[in-house]
Protein chains: 2
Amino acid sequence: PSGRSGWHHRQWLACRRSAVAAVLFQQRMTVYFEDIQLGDSAEYAKTITEADILMFAAVSGDDNPVHINQEYAEASMFKTRIAHGMLTAGLISTVVGTKLPGNGTIYLSQSTKFKAPVRLGETVTARVTVTELDPAKKRVKFATQCLVKGNVILEGESLVIAPSRPV
Amino acid sequence: PSGRSGWHHRQWLACRRSAVAAVLFQQRMTVYFEDIQLGDSAEYAKTITEADILMFAAVSGDDNPVHINQEYAEASMFKTRIAHGMLTAGLISTVVGTKLPGNGTIYLSQSTKFKAPVRLGETVTARVTVTELDPAKKRVKFATQCLVKGNVILEGESLVIAPSRPV
């Protein structure tokens, strides 16, 4: 088959879309609703440092000793200081806010299950994968995960409104 | 009626419980599962400053311009820079991590609906209210809200394990 409905045309569209997406991702701009497809995915990875935990404690006011007191934390079930769960969860919003969809995203909701703690120095990969698209409302639902060395330490769902491509 | 099931005994228990809670809250320690009742509530309030937004951007990597670029934000639907939604949501975890139940809390899950943006300089009150108690698993479910000037700008649920009173 050939023409606008043919295999080559679909391949060309897919290629163009991924090239556009690659550029947009580099520039941290916007992936418009019209260019988002089921199964699309994006990631953000970050090593969680001592400075992050101190800054998150300052920002949130959460100075629970399991985060800021090494001696207390060593005596706890965690055996060492751990990151605030909501710090890890924040990496999910980084992906939707800077990568997919990126600029112009309106964040509607987030659910998170905390499955395992994150220790200082561990590198967390936050990943979002499109599971539902609502063209009428321009809503995108993502399955969201955070992983450390391949183990899922947080999972949930994001719901956002993606900006539309300007006409 | 009198005795351990009477009105005075219940009043005395309530009084003692609130006195204990008041002291614990001041010292930011633990409210044990056995001392938590349906309807118990705790709050944490904080003014969201420019420094908070910059620190949260650094911690999370979320440098979406609606948070850090005043000119971009003025041209957006929000008309000014707004806080990261997960920064506001983080105040919920501050309440459960430092007040109710406080030290020793194990955070299992959090859901959040973002209902309105938070602007620089606005003061957010995060409030948790006990809605379910599971004595077998020591689990506490909270209805959670964040308010600005009495308006609910975030709502959701927390599920935690509260530490047990040492015997």
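Remember, predicted model here, so these are calculated numbers, not experimental data. Below, chain A is the first sequence line, B the second, and so on; all start at residue 1.
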Peer 1: Assigning hydrophobic clusters by single linkage (Ile, Leu, Val, Met, Phe, Trp, Tyr; side-chain heavy-atom cutoff under 4.5 Å), is B/Tyr72 placed with B/Ile68?
Peer 2: no
Peer 1: Which bit of A/Lys113 is near chain B, if near means a heavy-atom gap under 4.5 Å: side chain, backbone, both or neither?
Peer 2: both
Peer 1: Where on B/Ala58 is there a heavy atom nearer than 4.5 Å to chain A: the side chain, the backbone, both, or neither?
Peer 2: both
Peer 1: Could you verify whether a donor N or O on one side chain and an acceptor N or O on the other, from B/Gln110 and A/Thr112, lie under 3.5 Å apart?
Peer 2: no
Peer 1: Please assess B/Lys46 against B/Leu91 for the test side-chain contact (heavy atoms from CB on, under 4.5 Å), listing each intermediate value before the final yes or no.
Peer 2: CA-CA 8 Å; B/Lys46 182 174 191 301; B/Leu91 301 182; 4.1 Å; yes
Peer 1: Kindly indicate, with the supporting measurements, whether the criterion side-chain contact (heavy atoms from CB on, under 4.5 Å) is fulfilled by B/His67 and B/Phe56.
Peer 2: CA-CA 10 Å; B/His67 305 306; B/Phe56 194 88; over 6 Å; no
Peer 1: Can you tell me which portion of A/Ser76 sits under 4.5 Å from chain B's heavy atoms? Options are side chain, backbone, both or neither.
Peer 2: neither
Peer 1: Where does A/Leu159 contact chain B at under 4.5 Å (heavy atoms): side chain, backbone, both or neither?
Peer 2: neither
Peer 1: Under 4.5 Å heavy-atom distance to chain A, tell me which part of B/Ile106 shows up: side chain, backbone, both or neither.
Peer 2: side chain
Peer 1: Flag the pair A/Glu74 and A/Lys79 as a salt bridge only when some basic side-chain nitrogen lies within less than 4.0 angstrom of an acidic carboxylate oxygen.
Peer 2: no
Peer 1: Can you see whether A/Ser164 engages A/Glu34 through a side-chain donor-acceptor pair at a distance of less than 3.5 angstrom?
Peer 2: yes
Peer 1: In terms of heavy-atom pairs under 4.5 Å, which option from B/Val66, B/Leu108, B/Val124, B/Leu87 contacts chain A the most?
Peer 2: B/Leu108
Peer 1: Just so I understand: if I count every heavy-atom pair under 4.5 Å between each of B/Leu154, B/Asn64, B/Val59, B/Thr105 and chain A, which residue has the most?
Peer 2: B/Val59
Peer 1: Name the region of A/Ala126, side chain, backbone, both or neither, that has any atom closer than 4.5 Å to a heavy atom of chain B.
Peer 2: neither
